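Worksheet: the structure to be examined is printed underneath.
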2 protein chains.
Amino acid sequence: MWTRRCGCRQTSRVRYDIQESQQGLIAVTSSLRKPSARASIAEYLAEAIFAGRYQPGDFVPRELDLCERFAINRSAVRSDLRQLVDAGIIERISGHGSKVREYAEWHILDPQVTEWMSRYAAPNPEIQREILAFRLDVEPYVAMTAARRATARDLVAIEEAFEGLGQNLRNASCAEERRLHSECDVAFHVAIFKATHNIVWAQLSHILRPSIHLLVTMSNEHASDPEESLERHRQVMESIRMRRPKEAFLAAQAVLAGTAEALGLEPGASSLGRGFELP
Amino acid sequence: MWTRRCGCRQTSRVRYDIQESQQGLIAVTSSLRKPSARASIAEYLAEAIFAGRYQPGDFVPRELDLCERFAINRSAVRSDLRQLVDAGIIERISGHGSKVREYAEWHILDPQVTEWMSRYAAPNPEIQREILAFRLDVEPYVAMTAARRATARDLVAIEEAFEGLGQNLRNASCAEERRLHSECDVAFHVAIFKATHNIVWAQLSHILRPSIHLLVTMSNEHASDPEESLERHRQVMESIRMRRPKEAFLAAQAVLAGTAEALGLEPGASSLGRGFELP
DNA sequence: TATTCGCCATTTGTTCAACATATACTTTTG
DNA sequence: CAAAAGTATATGTTGAACAAATGGCGAATA
């Protein structure tokens, strides 16, 4: 007779719910309420990997173990693992296991990956610094382009985000307020990328998310003048509205200057910015 | 009794091999030799979608149909469809079908997607033009950055690609030669992106593939002077070697100028290039 | 007549079972 | 001692059945 090794009975499901919460997992769905919305293994593993509990070269638990831990069948586990493979995060070696790939091989431009990065923030600081360096490179130019091409509709999006930025600025104490502020910050920059009316730039806006999120988190500690930051954002917005590309370039640089410092990156290291006499 | 609706016998498998080849599919593996390397449904659908046979809003065949056509089981089909979902190309609607998403929603920065784009080329020309516009925006700056940061090892990669570019330049008649030339062209530009030593830029190098591929295809018709193009590439390489950022910027612009014209994009439209007095 | 409710067909989502294949380690045998 | 054979363990593939979601059709109803 073949003894079951994967499928789990309802009893064991409850058992694992408890077991996992002791290990500090992300919230496992209250399985009794809505059994359809199953806990995503991809989500769990992404969190674990981004947090560094599994590092490049490590092997994540094998399929059958994940089946047990999450009281789920193998097909579902494999489906979720597939997502990590498509994201370039893990590599499946037949007959051996699933290995975490090197950071450089991750598809960090994939929206799903950037979402994980912002959600489970502070992945390895190295990638964060790379992304911020990239932002320092391109954002001034993106703002400049937006100043040339932005339509009225684009301005609406930018302005709405800016308004939200101002409203959620005051009481940065509560967590919810901070989250909203972060959202608006992201929305503001994304709206500018979209205003370039180029599909590549627009998609690149996704990679801002993690670094902006990290920045908002850090700015709580360093606590630079929020009023000043808001004013700098306003400068960017106004320059775009007035169709003044050069001013937009400078204003965007100013916005990033402070944030770069907070992360220990000097603005002068910008690869695109140097070598030019600014207009 | 439950009648089988998905799984197919070996007989039906042969049947579909023939049927599909009549429709001009990509080569279906000679199923008798190596049954392990199964025909990828993802590959087939990607080709069909990129070729425009399924357009945004259309529904691709349902799972069971794909099972039949490719003589494969449903799990495999679902696994492959998952890949297209992760690429943002299709959207699965429970109980309805799998719909092709709008071009703007595709994850065109995903390496897998860019590979499909270059392989099955000529997706919608719109995206191609967007990508080239993006290249016009950033490549000069990337070359400039590379000129500052390139190591000796980076130069080796750049030079090797350049050598291959020269060797496969002469007889552009045969398809294999053209393919090699295209490969080297990609390798050359990718090496420069890598030389920036920024993970984001390095990954962005993937999006070169489709536009370079298209360019090589078109250059067969327009037939601009290949010697001249090679010389321009050499200029970029030398500028990077000599650590002359400004020259690298200009040389890269020159390389792209001709290619832009071939695609009906004026270099002056570059969003990053304008507004500055070049050094 | 128009509208809403509920049934039904279709299609994707989940689960379970069994076997095939690839890889690493171990044991056997020359 | 080394090469070959075998074994343990993991992922890969296949097949079957059921569950859930969606859309459309039709009947009951205001």
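Every value quoted in this text rests on a predicted model; they were computed, and no experiment measured them.
Comment: B:Glu47 does not engage B:Arg119 in a salt bridge, judged by the lack of any side-chain N to carboxylate O separation of less than 4.0 angstrom.
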Might you work through the side-chain hydrogen bond (donor to acceptor under 3.5 Å, both in side chains) test for A:His181 and A:Asp185, ending with a clear yes or no?
CA-CA 6 Å; A:His181 187 267; A:Asp185 205 334; 4.9 Å; no
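Taking every side-chain heavy atom of A:Asn73 into account, C:dT14 is the closest of C:dT12, D:dT13, C:dT14.
As a whole-Å value, the separation of A:Phe59 CZ from C:dT23 C1' is 10 Å. Residue B:Glu68 contributes atom CD, which lies 13 Å from atom P of D:dG15 at whole-angstrom precision. Look at CZ on A:Arg74: it is 16 Å from P on D:dG15, rounded to the nearest Å. Atom pair B:Leu64:CG and D:dT14:P shows a separation of 15 Å (rounding to whole Å applied). The distance from atom NZ of B:Lys99 to atom C1' of D:dT22 is 13 Å, rounded to the nearest whole Å. As rounded to whole Å, 13 Å separates atom P of C:dT10 from atom CG of B:Asp65. Here the C1' atom of nucleotide C:dT21 and the CZ atom of A:Arg92 are 14 Å apart, to the nearest Å. If you measure from atom CD1 of B:Ile72 to atom C1' of D:dG15, you get 13 Å, rounded to the nearest angstrom.
A:Val138 has its side chain within reach of B:Trp201: a pair of non-hydrogen atoms, C-beta onward, lies under 4.5 Å apart.
Dashed line: the shortest gap from a side-chain N or O of A:Arg78 to OP1 or OP2 of D:dT11 is not under 4.0 Å.
Remark: B:Ala187 engages B:Ala161 in a side-chain contact (heavy atoms from CB on, under 4.5 Å) (not counting sequence neighbours). Partners of B:Glu63 by salt bridge (charged side-chain N to carboxylate O under 4.0 Å, His left out), not counting sequence neighbours, listed by chain and number: B:Arg74, B:Arg78, B:Arg92.
Relative ring orientation between A:Phe50 and A:Trp116 is described as tilted, the plane-to-plane angle lying within the 30° to 60° band.
Looking only at atom types and distance, the side chain of B:Asp154 has a donor-acceptor partner in the side chain of B:Thr151 under 3.5 Å away.
Residue B:Ile93 is the one, among A:Ser75 and B:Ile93, whose nearest nucleotide of DNA chain C lies closer to the 5' end (criterion: closest heavy atom).
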With the criterion being N/O to N/O and under 3.5 Å, what pairs connect the protein with nucleotides 3-9 of chain D, and how long is each?
none

